[in-house]
Amino acid sequence: MTLQMMLRRMNEMPEKGLPKSVILKELETKLQRDLTYSSGKILGSMCTEPHSLAKQIYLQYFEKNLGDPGLFPAAAELEQEAIRMLGLLLSNPNACGRIVSSGTEANILALWTARNRAKKERGEVIVPVSAHCSFDKACDLLNLKLIKVRLNRRFQMDVKAAEEAVTSKTVVMVGVAGTTGLGVVDPIHELSEIALAHNIYLHVDAAFGGFVLPFFEELGLDAPEFDFRLPGVCSITIDSHKMGLAPIPAGGILFKDASMTEAISMRVPYLAGGETEQFTVMGTRSGASSIAVWALLMHLGREGYKAVVEQCLKLTGKLVEGIQQIDGIDIVTQPTINVVGIKSNIVDARLVAKELRKRGWAVALFPGYIRIVVMPHVKLSHIESFLEDLGKVMKKLDG
Ligand SMILES: Cc1ncc(COP(=O)(O)O)c(C=O)c1O
């Protein structure tokens with residue numbers, strides 16, 4: 001078979017394997033259409049280019065499986081150390097948790113725990129309408145009823161509506177610290193009080209904000225309360241594969257203490273490393289992810305992460321200033337973190353997103369607005385060139 005013939009058949013499993021060089025070449029060609037973070041064109045994602053140290057570690061340790069900790073006890077210990085560091089970041093050195101596949105899995109684990117602890121038939125879950133769709137998935141999987149409550153004028157969960165939604169069936173209330181659409185932080189302090197008063201589980205989804213908000217105080221910014229300092233908070237989602245600069249998959253779930261996870265722990269008897277207890281959805285789990293999280297926390301330290309957040313917030317400010325100078329568009333609300341909503345007052349946001357995409361910009365579309373996330377891969381030059389294109393797009397659409 002000629003090379004040409006081989007390549008033509010690259011979408012079928014060949015009878016006889018192809019040389020590595022052919023595979024690598026073909027992949028290079030096939031993957032050319034994918035966007036890259038380094039181009040600066042990805043402006044609507046909560047993921048980013050992983051830190052170079054994490055990439056190196058990932059390659060070096062990719063065979064480690066935390067689903068079988070008896071085989072990899074040292075890797076399992078590093079995961080525990082990473083969890084302890086994340087716990088400290090969220091004001092609780094006794095937190096117990098796991099680096100999991102995603103924020104979605106973390107949220108599922110929280111609701112699963114709350115459901116099993118409450119022992120109620122078809123329990124109810126109270127979330128703000130701004131909550132991530134992982135709660136819809138979790139409720140469907142766990143046979144829970146999702147109750148979505150309205151937002152206040154600042155796009156936060158309306159506290160009064162949240163309290164009114166509590167019934168004898170409520171098993172968990174969820175507050176978001178850095179919403180998916182606008183990066184808003186719900187009034188977690190008040191939610192904590194409601195949770196304590198009604199004896200319900202409070203989960204905080206800080207999948208994105210967990211690596212941003214802990215540095216606000218030191219940066220001299222208004223620091224909303226959201227973590228384990230609040231006594232009602234039972235668990236927190238914090239994803240290292242978002243602002244933590246870790247490679248995917250590195251979601252994270254932290255529980256207040258080890259007793260919480262008893263509700264979902266399962267004995268796995270058959271493993272080569274010996275019997276173990278698991279409280280994750282996944283069985284086999286990437287050890288490289290946890291080791292990379294450990295290494296980044298150690299390497300960057302508080303100072304390093306604070307600098308990343310500071311830079312992202314500085315560029316967010318530049319973006320907002322620029323947007324406010326373009327006719328026909330405005331920000332939805334003053335951003336709390338490095339997530340900005342942009343709305344058009346002349347055309348549908350979908351048209352703006354479409355025109356931007358024609359110019360190579362990948363922004364995220366939400367009902368009525370566009371979301372920009374100023375992630376660590378975004379540089380000042382990218383913001384400037386985006387604003388220039390946005391200005392042209394708005395002129396065209398206005399014309
Ligand atoms: C607030 C929030 N929670 C959870 C998730 C889900 O995370 P993942 O995509 O890692 O499942 C996201 C994703 O953007 C999010 O913004």
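All ligand and atom numbering here is 1-based and tracks the order in the structure. What's counted below: heavy atoms across the whole structure, side chains too, no hydrogens, waters or symmetry copies.
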What are the distances between nitrogen or oxygen atoms of ligand 1 and protein nitrogen or oxygen atoms, counting only those under 3.5 Å?
from     : atom 1 : to   : atom 2 : distance (Å)
ligand 1 : 3 (N)  : D205 : OD1    : 3.2
ligand 1 : 3 (N)  : D205 : OD2    : 2.6
ligand 1 : 7 (O)  : K242 : NZ     : 2.8
ligand 1 : 10 (O) : G103 : N      : 2.9
ligand 1 : 10 (O) : H241 : NE2    : 2.9
ligand 1 : 10 (O) : K242 : NZ     : 3.1
ligand 1 : 11 (O) : G103 : N      : 3.4
ligand 1 : 11 (O) : T104 : N      : 2.9
ligand 1 : 11 (O) : T104 : OG1    : 2.5
ligand 1 : 16 (O) : T180 : OG1    : 2.9

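The aromatic rings of F255 and F279 sit perpendicular to each other, their planes meeting at more than 60°, with 30° as the lower class boundary.
The ring pair (Phe, Tyr, Trp, His ring centres under 6.0 Å) test applied to H51 returns H299, not counting sequence neighbours. K160 is linked by a salt bridge (Lys or Arg N to Asp or Glu O under 4.0 Å) to E164, counting only residues two or more places apart in sequence or in another chain. K306 is linked by a salt bridge (Lys or Arg N to Asp or Glu O under 4.0 Å) to E218, counting only residues two or more places apart in sequence or in another chain.
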- Task: Kindly indicate, with the supporting measurements, whether the criterion side-chain contact (heavy atoms from CB on, under 4.5 Å) is fulfilled by E105 and T280.
- Result: CA-CA 8 Å; E105 185 183 350; T280 49; 3.6 Å; yes

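Remark: E217 CD is loosely packed, at most 12 non-hydrogen atoms of other residues, nucleotides or ligands lying under 6.0 Å away.
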